[in-house]
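In this text the structure is predicted, and so the values were computed from the model without any measurement. When a residue number appears, it is its place in the shown sequence, counting from 1. One-based numbering, in listed order, for ligands and for the atoms of each.
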Amino acid sequence: MDPNIAVNIYHFLSQTRELFGDELFVQKSNAIENRSSDNKFPESLEEFYSQINNCLNCQLGYKRTKFVFGVGDPNADLLLVGEAPGVDEDRLGEPFVGRAGKLLDKILAAIHLNRNKGVYICNVLKCRPPNNRDPLPSEVDQCEPYLQHQIRLIKPKLIVALGRVAGKTLLKHDVPLKAMREKIHYYENIPLIVTYHPAALLRNSGFKPPTWKDFQWIQSILDGKTNIG
Ligand code: URA
């Protein structure tokens, strides 16, 4: 057997065991249906939601309460991407609705935006990882095409990754947050900025001034006052 296949099987079974103990995880056929070519490229976010909201492509689908697709303005210039739903988001089916989300709403209001005007908010993963652990690479591999489709439908001018995990996941580069901040990166050819996750600001208020600086920069890019080339 090809050693790469053996390594992949080993990792898949280890992850399955981590999530389900010794119960063997068997993917159901409707998970495969979600990937079938019958699903034409959606013309709207609503259509896309209806195509994927029953997703069982990874283990997280079997554990979720609600699929957390995303929320906001379908024509947004600004796309905010978090890591994955937490307990509140899993319960309500909307991203950033807990304490961190309330803080995010305040930050957006300070730059005259809100989640229904000029902004779309979603996560790298659409289902909650158990105990809010970091997304596994296999989960990102399954879920990232959904984010890519959302981006193609929304066509934002700017993407902002909230936190190190969203940043490293989108940039495929595992470096500290400080090394990702204050730079223009690109995701799917769209400029991308990485800033602190609002939950980090709740834990450490020292992160508020640099975050405010980032959002002022974001505002000036969106207003066309700063040219990013
Ligand atoms: N943290 C995230 O990264 N996303 C959410 O939706 C909520 C908390």
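- The hydrophobic cluster containing Val87, built from Ile/Leu/Val/Met/Phe/Trp/Tyr side-chain heavy atoms closer than 4.5 Å, comprises no other residue.
- The aromatic rings of Phe67 and Tyr146 stand perpendicular to each other, their planes meeting at an angle above 60°, with 30° marking the opposite boundary.
- Between Ile190 and Leu192 there is no side-chain heavy-atom pair separated by less than 4.5 Å.
- Atom CZ in Phe41 sits 4.5 Å away from atom NE2 in His149 (nearest 0.5 Å).
- Around ligand 1 you find Gly82, Glu83, Ala84, Glu89, Pro95, Phe96, Asn123, His197, each with a heavy-atom distance below 4.0 Å.
- Applying the ring-ring contact (aromatic ring centres under 6.0 Å, His included) test to every pair with at least one member in residues 71-105, sequence neighbours left out, gives these pairs: Phe96-His197.
- Every salt bridge (Lys or Arg N to Asp or Glu O under 4.0 Å) that Asp88 has, sequence neighbours left out, goes to Arg91.
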